[in-house]
2 protein chains.
Amino acid sequence: MTSIHDVAEATGVSTATVSRALRGLPNVSPRTRELVRAAATQLGYVPSPSASGLSGGRHHAVAIVIPSTARWFYVTVVEGVDSVLRRENYDTFLVILAATATDRERLFNNALLRKRADAVIALGIDFTAEERRELRTVGMPAIVVGSPVRGVRSVGIDDLAAGKLAMDHLLALGHRRIGHLGGETEWGMDHSVGQDRSQAWRSALRNVGIEPEPHWYALGGFLMPPAKAAALEMLASEQRPTAIFAGSDEMAFGAMLAAAELGLRVPEDLSVIGIDDHDWSESFGLTTVKQDPRDQGRVAARSVVDELSGAEEVTDRVTTAAVTLVVRRSTAPPAGQSEPDGRTSTRPPG
Amino acid sequence: MTSIHDVAEATGVSTATVSRALRGLPNVSPRTRELVRAAATQLGYVPSPSASGLSGGRHHAVAIVIPSTARWFYVTVVEGVDSVLRRENYDTFLVILAATATDRERLFNNALLRKRADAVIALGIDFTAEERRELRTVGMPAIVVGSPVRGVRSVGIDDLAAGKLAMDHLLALGHRRIGHLGGETEWGMDHSVGQDRSQAWRSALRNVGIEPEPHWYALGGFLMPPAKAAALEMLASEQRPTAIFAGSDEMAFGAMLAAAELGLRVPEDLSVIGIDDHDWSESFGLTTVKQDPRDQGRVAARSVVDELSGAEEVTDRVTTAAVTLVVRRSTAPPAGQSEPDGRTSTRPPG
DNA sequence: CTGAAAGCGCTAACAA
DNA sequence: TTGTTAGCGCTTTCAG
């Protein structure tokens with residue numbers, strides 16, 4: 001395990017100079033720097049993060065915490081985060097965090113956050129006031145991906161607006177009986193994402209004078225299987241909706257699968273729209289409100305890296321990521337109305 | 001940042017004793033141990049991994065490397081790994097590794113593997129001889145999840161057997177024209193998983209005297225969208241297969257979606273079988289060869305943790321995980337043959 | 001521009 | 001059973 005001493009010896013300079021040279025600090029003669037660099041690569045030297053972390057206080061690692069690996073959004077953000085972190089030579093700690101209080105407590109009392117990572121990127125977590133205070137105290141850069149959290153930087157879409165975009169599309173098509181597949185809210189998790197999207201559904205309906213019926217709303221937990229089950233029930237009802245707005249594409253897939261199982265054609269008998277633009281949505285022919293989680297991950301990572309590099313308070317407190325409507329084959333005017341254009345209606349892919 | 005000194009002072013013992021007491025080492029009086037423990041929690045002390053890593057050589061972290069986040073198998077294994085690592089108080093480094101040589105080189109020359117992690121768990125990676133030697137040299141425990149790799153411990157299913165199970169099911173149903181959706185093989189990645197499953201398909205066919213036709217085989221890259229595209233093409237051919245064996249459930253979903261798009265009913269017009277038992281397979285009604293990646297992850301993590309705990313060469317070199325056939329609604333005898341039982345055939349969920 | 005020295009927080013002999 | 005003494009490998013003043 002070659003150490004900084006070996007490089008110093010090989011070069012004939014002090015370890016201090018080696019350290020400076022390798023980290024690109026000023027006040028090192030070009031010649032010396034080159035010599036040191038050459039020796040380092042020649043010897044296959046890499047600095048020990050433990051040692052530099054201990055002495056310098058920077059660990060060159062950031063923790064990314066997600067509630068589960070089961071949702072496309074989370075793992076896709078992780079991929080984005082990882083890509084910039086790797087390029088910047090940071091290592092990535094992955095923390096999969098259940099919603100339980102003990103799990104979260106452990107996280108915050110853990111060495112990981114206190115003495116191991118230089119920053120945290122949290123997904124779908126709603127920090128408590130105390131947690132925020134802790135972060136502040138330790139002076140640890142933190143950013144949330146998802147809906148804004150008071151006092152913490154964040155990047156994410158405007159869920160209300162995204163929901164409105166989806167609903168406007170459905171309403172413009174002529175739908176009035178519109179169902180919704182929403183997410184559940186666990187304590188301290190994902191607080192507003194699901195709520196805001198559901199709220200958008202409710203408001204949009206009321207804005208056109210429709211009071212949403214209870215059985216038009218069901219919980220899909222942001223996962224496909226429970227969403228399918230919920231949709232099955234919703235679609236079995238007497239006055240079933242002519243369209244479903246799902247709070248995520250994965251839940252929308254569930255709706256499409258449910259429709260297929262009931263012999264309902266999409267979009268002839270049922271329109272379906274989601275939010276995300278999941279990697280599979282195009283194959284499903286799903287109309288959706290597209291967001292770019294990979295990019296949000298990159299932005300978040302860039303943000304903490306910049307802050308760690310000393311850039312003074314670079315980013316905005318809350319960065320709003322763009323959304324766009326992507327119309328595919330899962331939405332059309334409700335039965336009885338003529339189609340507005342020549343789109344061919346295919347069989348339901350679900 | 002309270003340190004071991006604070007605890008020592010508060011307790012009136014030396015730092016060495018604190019260290020011993022907290023780590024549960026022998027030769028500490030029960031009374032002292034209690035005192036130390038109390039002081040530690042009271043002060044909110046947590047040891048610095050950098051410091052103990054530097055002095056002790058154990059970092060209490062393991063690296064898990066995966067080729068991408070886009071495949072259910074990988075992220076699900078990660079979840080299993082993470083769960084036991086967390087319970088054992090290890091932190092998890094996530095490394096997402098492209099197949100490129102430079103990416104892999106960087107991994108091995110990185111501080112991460114050399115001076116930061118105590119062990120590696122690799123998914124879908126085929127270590128080169130040199131890489132294996134490096135691991136050996138550093139004395140770093142390593143385990144592969146997936147198909148066996150020479151000289152490295154591994155846990156995974158028998159892909160040949162899994163493929164045979166799938167094919168036997170289809171053959172027993174009476175299918176003879178059976179197509180296959182296989183995975184691509186990138187350099188150093190996933191070498192045999194895809195190959196073995198494809199091989200199982202080919203062999204099974206030949207064993208019953210059928211020479212697989214070229215257009216019965218297509219590459220799906222282990223991802224749904226390309227698999228769907230491939231299936232679309234395969235099913236458009238004149239003498240299309242009556243059944244498709246997909247190398248993974250995600251690719252099987254693609255086949256089901258393709259069938260639906262072509263107006264083919266599953267299973268009446270086309271049977272589909274996969275491997276995995278993906279979280280969504282039940283909702284798709286997909287017949288599959290079930291494996292348990294979460295558990296494989298747990299086994300892998302347990303294995304390296306045990307080895308790090310000094311257990312001498314505990315686990316077998318290669319652990320074979322179980323597979324079982326799960327029959328659902330996507331398979332049936334080919335058209336023209338009577339159904340063996342009273343299963344109702346539903347519309348294709350894809 | 002470079003070196004010497006102190007110290008980051010912990011563990012590991014070696015004594016006591 | 002417990003304390004003392006060295007480091008682990010690096011960064012960081014402070015001198016020069």
Side-chain angles (χ1 to χ4, degrees), chain A residues 1-37 39-40 43-61 89 91 110-112 114-116 118 138 308 310, chain B residues 1-37 39-40 43-61 89 91 110-112 114-116 118 138 308 310:
Chain A
M1 199 103 333
T2 122
S3 84
I4 199 174
H5 271 104
D6 304 317
V7 181
E9 240 168 55
T11 326
V13 299
S14 70
T15 61
T17 300
V18 173
S19 176
R20 286 191 280 251
L22 256 24
R23 283 181 302 152
L25 295 190
N27 294 331
V28 176
S29 80
R31 185 185 144 61
T32 307
R33 199 187 296 280
E34 254 333 295
L35 252 38
V36 171
R37 279 210 184 113
L43 295 173
Y45 166 71
V46 293
S48 151
S50 293
S52 49
L54 191 52
S55 60
R58 299 242 88 80
H59 301 278
H60 257 78
N89 268 302
D91 288 321
N110 223 354
L112 177 54
R114 318 252 318 256
K115 318 195 167 178
R116 197 153 211 190
D118 297 327
V138 196
L308 288 171
Chain B
M1 199 102 333
T2 123
S3 87
I4 199 172
H5 271 105
D6 305 315
V7 181
E9 239 166 56
T11 327
V13 300
S14 70
T15 60
T17 300
V18 173
S19 176
R20 287 190 279 250
L22 258 22
R23 284 182 300 153
L25 295 189
N27 294 333
V28 177
S29 81
R31 185 183 143 63
T32 306
R33 198 185 298 276
E34 253 334 295
L35 252 39
V36 170
R37 279 211 183 112
L43 295 173
Y45 166 71
V46 293
S48 151
S50 292
S52 50
L54 190 52
S55 61
R58 297 243 88 78
H59 302 276
H60 257 77
N89 269 302
D91 289 320
N110 224 357
L112 178 55
R114 318 254 316 256
K115 318 196 166 174
R116 199 154 208 191
D118 297 328
V138 196
L308 289 171

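Being a predicted model, the structure only gives us computed values, none of them experimental. The sequence lines fix the lettering, A, B, ..., with proteins before strands; numbering per chain opens at 1.
- To the nearest 0.5 Å, atom OG1 of residue A/T11 and atom CD of residue A/E34 are 11.5 Å apart.
- Listed by residue number, the members of residues 28-36 of chain B with any heavy atom below 4.0 angstrom from DNA chain C form an empty set.
- Put simply, OG1 on A/T32 and CZ on A/R37 are 11.5 Å apart, with the number rounded to the nearest 0.5 Å.
- The CG atom of A/L308 lies 8.5 Å from the NE2 atom of A/H60; values are rounded to the nearest 0.5 Å.
- With rounding to the nearest 0.5 Å, the separation of OG in A/S14 from NE2 in A/H5 is 9.5 Å.
- At least one donor-acceptor pair under 3.5 Å links the side chain of B/S55 to the backbone N or O of B/A51.
- One can place CD of B/E9 at 13 Å from P of C/dC10, the figure rounded to the nearest angstrom.
- For the atom pair CG (B/L112) and CG (A/D91), the distance works out to 4.5 Å, reported to the nearest 0.5 Å.
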inquiry  = For a side chain to side chain contact (heavy atoms under 4.5 Å, CB included) check, start with the C-alpha distance between A/R31 and A/L35, then their side-chain angles and the critical distance, and finish with the verdict.
reply    = CA-CA 6 Å; A/R31 185 185 144 61; A/L35 252 38; 3.8 Å; yes
note = Per-nt protein contacts along nucleotides 5-16 of chain D (heavy atom under 4.0 Å; B base, S backbone sugar-phosphate only, - none) come out as --BBBBSB----
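- Here the P atom of nucleotide C/dC10 and the NE2 atom of B/H59 are 16 Å apart, to the nearest Å.
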Verdict with reasoning, B/V46 to A/K115, per side chain to side chain contact (heavy atoms under 4.5 Å, CB included) = CA-CA 8 Å; B/V46 293; A/K115 318 195 167 178; 3.8 Å; yes
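- Separation of atoms OG (B/S52) and CZ (B/R58) is listed at 11.0 Å; rounding is to 0.5 Å.
- Fit an axis to the five pairs at each end of the helix from C/dC1-D/dG16 to C/dA16-D/dT1 and the two axes sit 30° apart, to the nearest 10 degrees.
- Using modelled atom types, no side-chain atom of A/R114 and backbone atom of B/M1 make a donor-acceptor pair closer than 3.5 Å.
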